[in-house]
Trainee: 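A single structure is presented below for examination.
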Amino acid sequence: MEELQKRTLLLDGGMGTELIRRLGIKSRTPFSAASINLSNPAVVKQIHLDYLEAGADIMTTNTFTANEMMQSYYGKEAELVEQNKKGVQLAREAVIEYEKRTGKRAFVGANIGPLPFAEKNLHDKTLADVADIYRRQVDALLSEKPDLLIVECAYHLPTVEALATLIQQAFAKMGTRIPVMFTVPIYENPTMVEGMAIETFFEKVDALLQTEMIGFTCGEGLDKMEQALEKLPNKPLVLVPNAGLPDACGCYTMDMQALIDRVIAIQKRFSVKVVGGCCGTTPRYIADLHRALEEVEK
């Protein structure tokens with residue numbers, strides 16, 4: 001993306017936690033966030049608009065869980081194609097409305113999340129089986145022509161291999177490609193991903209996906225993300241932390257200004273090109289982060 005050469009881009013913040021807050025969903029109640037694209041599209045679109053007003057440059061579609069395996073848990077797999085298509089459409093509508101009103105361009109990132117507990121659920125599946133779990137999602141997302149793909153929280157290499165094959169086939173069918181942002185969650189050991197040295201993991205991912213942007217999202221905090229960033233290759237870097245972990249009531253109580261200060265310090269140190277927020281972050285957090293970035297880039 002040409003914009004990456006000019007400045008740091010601001011990704012939006014949490015979607016699932018905003019849906020929980022705005023719809024009054026009880027803490028730890030299982031629900032299909034992607035299904036809300038169809039049952040209550042207005043609230044999803046408003047969240048996108050709120051993030052745009054806060055200064056975000058990239059809208060992440062509400063499709064993180066919109067794959068065959070996740071939606072089968074909710075009994076919603078029949079609507080999966082429409083969940084994904086509508087997810088891109090809602091983000092695009094918000095971006096177009098905002099640009100007409102302000103003249104500022106923003107981008108739509110089609111979001112693909114991980115499969116749950118891959119090491120347990122996928123141990124008996126072939127790469128073709130895993131590809132089939134993602135096939136309808138990838139085809140539906142790309143049919144709506146997003147500006148980029150966001151492969152998020154992807155820690156399981158065989159899953160990435162299957163997904164990469166699907167994406168490359170889809171690009172070939174389209175006759176073009178769009179940028180790919182790839183992020184990993186960092187947990188206990190910031191030098192390893194699934195038992196593999198983190199630099200080796202990213203080398204393998206890049207050979208599969210030819211990613212334009214790589215980095216970290218969610219996980220166990222910025223201390224570990226910062227250590228992991230030291231291991232990454234020379235590519236545009238992405239930093240999307242969560243607002244800590246929720247308490248017993250499902251509330252995120254982390255000091256947002258402290259989080260922003262750390263994000264800015266790390267952004268300066270590593271020249272991170274995309275920053276944003278994951279679980280628990282809000283439009284207010286993105287607005288404050290936007291102001292802090294503007295100060296840095298004056």
Trainee: Would you check if the side chain of Thr17 reaches a backbone N or O of Cys279 as a donor-acceptor pair within less than 3.5 Å?
Mentor: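 Side chain of Thr17 to backbone of Cys279, a donor-acceptor pair under 3.5 Å: no, none is there.
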
Trainee: Tell me if a side-chain donor or acceptor on Tyr51 pairs with a main-chain N or O of Asp12 at a distance below 3.5 Å.
Mentor: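 No; zero donor-acceptor contacts below 3.5 Å.
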
Trainee: Does Glu18 come within less than 4.0 Å of Arg22, counting only side-chain N to carboxylate O?
Mentor: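 Yes, charged N to carboxylate O under 4.0 Å.
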
Trainee: Donor-acceptor pair, Asp288 side chain versus Gln257 backbone, under 3.5 Å?
Mentor: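 Side chain of Asp288 to backbone of Gln257: no pair is present.
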
Trainee: Quick check: closest heavy atoms across Asn189 and Thr191, and the distance to 0.1 Å?
Mentor: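 Heavy-atom minimum between the residues: OD1-OG1, 2.8 Å.
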
Trainee: So, taking the atom named CZ in Arg92 and the one named NZ in Lys145, what distance separates them when rounded to the nearest 0.5 Å?
Mentor: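 Answer rounded to 0.5 Å: 10.5 Å.
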
Trainee: Rounded to the nearest 0.5 Å, how far does CD of Gln137 lie from OG1 of Thr65?
Mentor: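 Answer rounded to 0.5 Å: 8.5 Å.
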
Trainee: Donor-acceptor pair, Asp261 side chain versus Ala258 backbone, under 3.5 Å?
Mentor: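 Answer holds: no.
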
Trainee: What pair of heavy atoms forms the shortest contact from Leu38 to Pro41, and how long is it?
Mentor: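 For Leu38 versus Pro41, the nearest heavy atoms are O-CD, 3.6 Å.
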
Trainee: I need the Leu232 CG to Phe270 CZ distance, nearest 0.5 Å.
Mentor: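 Going from the CG atom of Leu232 to the CZ atom of Phe270 covers 8.5 Å.
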
Trainee: Would you confirm whether Asn37, through its side chain, and Asn84, through its main-chain N or O, come within 3.5 Å as a donor-acceptor pair?
Mentor: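 No.
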
Trainee: Compare every heavy atom of Ala54 with every heavy atom of His290, then report the nearest pair and how far apart it is.
Mentor: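 Closest approach of His290 to Ala54: CB-O, 3.5 Å.
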
Trainee: Strictly distance-based, threshold 3.5 Å: is any side-chain N or O of Thr211 a donor or acceptor partner for the main-chain N or O of Val180?
Mentor: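 Pair absent, no side-chain N/O of Thr211 close to backbone of Val180.
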
Trainee: Working note: Gln227 + Asp223, criterion side-chain hydrogen bond (donor to acceptor under 3.5 Å, both in side chains); need CA distance, chi angles, decisive distance, verdict.
Mentor: CA-CA 7 Å; Gln227 293 175 62; Asp223 288 342; over 6 Å; no

Trainee: Side chain to side chain contact (heavy atoms under 4.5 Å, CB included) between Glu144 and Gln89: does it pass, once the steps are laid out?
Mentor: CA-CA 7 Å; Glu144 294 298 323; Gln89 291 165 9; 3.4 Å; yes

Trainee: Applying side-chain contact (heavy atoms from CB on, under 4.5 Å), can you list everything that pairs with Glu68, at least two apart in sequence or on another chain?
Mentor: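 Glu77, Leu80, Ile133, Arg136.
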
Trainee: May I ask you to decide if Val193's main-chain N or O and Tyr187's side chain share a donor-acceptor pair within less than 3.5 Å?
Mentor: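 No; judged by distance alone, with no hydrogens or angles, the pair does not exist.
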
Trainee: Quick one: side chains of residues 154-171, donor-acceptor pairs under 3.5 Å with protein atoms, not counting sequence neighbours, listed by atom name and distance.
Mentor:
residue	atom	partner	partner atom	Å
Tyr155	OH	Ala118	N	3.2
Tyr155	OH	Glu119	OE1	3.3
His156	ND1	Thr159	N	3.4
His156	ND1	Thr159	OG1	2.6
Thr165	OG1	Glu161	O	3.0
Gln168	NE2	Leu208	O	3.0
Gln168	NE2	Gln210	OE1	2.7

Trainee: If you count the non-hydrogen atoms of other residues, nucleotides and ligands that lie under 6.0 Å from NZ in Lys231, is the total more than 12?
Mentor: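 No, the 6.0 Å shell around NZ holds no more than 12 heavy atoms from other groups.
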
Trainee: Flag the pair Glu294 and Arg291 as a salt bridge only when some basic side-chain nitrogen lies within less than 4.0 angstrom of an acidic carboxylate oxygen.
Mentor: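 No, Glu294 and Arg291 are not salt-bridged.
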
Trainee: Aromatic rings Phe182 and Phe201: how do their planes relate, parallel, tilted or perpendicular, breaks at 30° and 60°?
Mentor: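 Phe182 and Phe201: tilted rings.
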
Trainee: Flag the pair Arg177 and Glu212 as a salt bridge only when some basic side-chain nitrogen lies within less than 4.0 angstrom of an acidic carboxylate oxygen.
Mentor: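 Yes, charged N to carboxylate O under 4.0 Å.
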
Trainee: Quick check on side-chain hydrogen bond (donor to acceptor under 3.5 Å, both in side chains): which of Thr60, Thr183, Asn111 does Glu152 satisfy it with?
Mentor: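 One option only clears the test, and that one is Asn111.
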
Trainee: Go through the steps to decide whether Leu90 and Asn62 satisfy the test side chain to side chain contact (heavy atoms under 4.5 Å, CB included), and finish with yes or no.
Mentor: CA-CA 9 Å; Leu90 290 169; Asn62 180 35; over 6 Å; no

Trainee: Could you tell me whether Lys224 atom NZ has more than 12 heavy atoms of other residues or ligands within 6.0 Å of it?
Mentor: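 Yes, NZ of Lys224 has more than 12 neighbouring heavy atoms, counting only those of other groups under 6.0 Å.
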
Trainee: Could you state the interatomic distance from CG (Asp50) to OG1 (Thr282), rounded to the nearest 0.5 Å?
Mentor: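 With rounding to 0.5 Å, CG (Asp50) is 10.0 Å from OG1 (Thr282).
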
Trainee: Going by atom types only, do Lys85 and Ser143 share a side-chain donor-acceptor pair under 3.5 Å?
Mentor: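 Lys85 vs Ser143: donor-acceptor pair found between side chains.
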
Trainee: Indicate if Leu11 and Leu222 have the same hydrophobic cluster label, given that clusters are the connected sets of ILVMFWY residues with side-chain heavy-atom separations under 4.5 angstrom.
Mentor: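 No, no single cluster joins them.
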
Trainee: Side chain of Glu226, backbone of Arg262: donor and acceptor closer than 3.5 Å?
Mentor: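 Between the backbone of Arg262 and the side chain of Glu226 there is no qualifying donor-acceptor contact (under 3.5 Å).
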
Trainee: Show your reasoning for whether side-chain hydrogen bond (donor to acceptor under 3.5 Å, both in side chains) applies to Gln83 and Thr63.
Mentor: CA-CA 7 Å; Gln83 288 176 0; Thr63 53; over 6 Å; no

Trainee: I would like to know whether Val263 and Tyr285 meet side chain to side chain contact (heavy atoms under 4.5 Å, CB included); could you show each step before the answer?
Mentor: CA-CA 12 Å; Val263 168; Tyr285 163 83; 3.8 Å; yes

Trainee: What about Leu9 and Phe216, same hydrophobic cluster or not, with Ile/Leu/Val/Met/Phe/Trp/Tyr joined at side-chain heavy-atom distances under 4.5 Å?
Mentor: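 No, Leu9 and Phe216 fall in different hydrophobic clusters.
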
Trainee: Out of curiosity, Thr281 OG1 to Met254 CE, how far, rounded to the nearest 0.5 Å?
Mentor: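 Taking OG1 in Thr281 and CE in Met254, the distance rounds to 11.0 Å.
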
Trainee: How far does CE of Met181 sit from CD1 of Ile150, to the nearest 0.5 angstrom?
Mentor: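 If I round to the nearest 0.5 Å, the distance is 5.0 Å.
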
Trainee: Going through the distances and angles, do Val274 and Leu239 end up as a side chain to side chain contact (heavy atoms under 4.5 Å, CB included)?
Mentor: CA-CA 6 Å; Val274 179; Leu239 182 65; over 6 Å; no

Trainee: Salt bridge (charged side-chain N to carboxylate O under 4.0 Å, His left out): which pairs involve residues 55-67, sequence neighbours left out?
Mentor: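 Output for this query lists Arg7-Asp57, Asp57-Lys104.
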
Trainee: Would you find more than 12 non-hydrogen atoms of other residues, nucleotides or ligands less than 6.0 Å from Asp124 atom CG?
Mentor: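 It does: Asp124 CG has more than 12 such atoms within range.
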
Trainee: Salt-bridge test for Glu93 and Lys45: reply yes if a basic N is under 4.0 Å from a carboxylate O, no otherwise.
Mentor: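 So Glu93 pairs with Lys45 through a salt bridge.
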
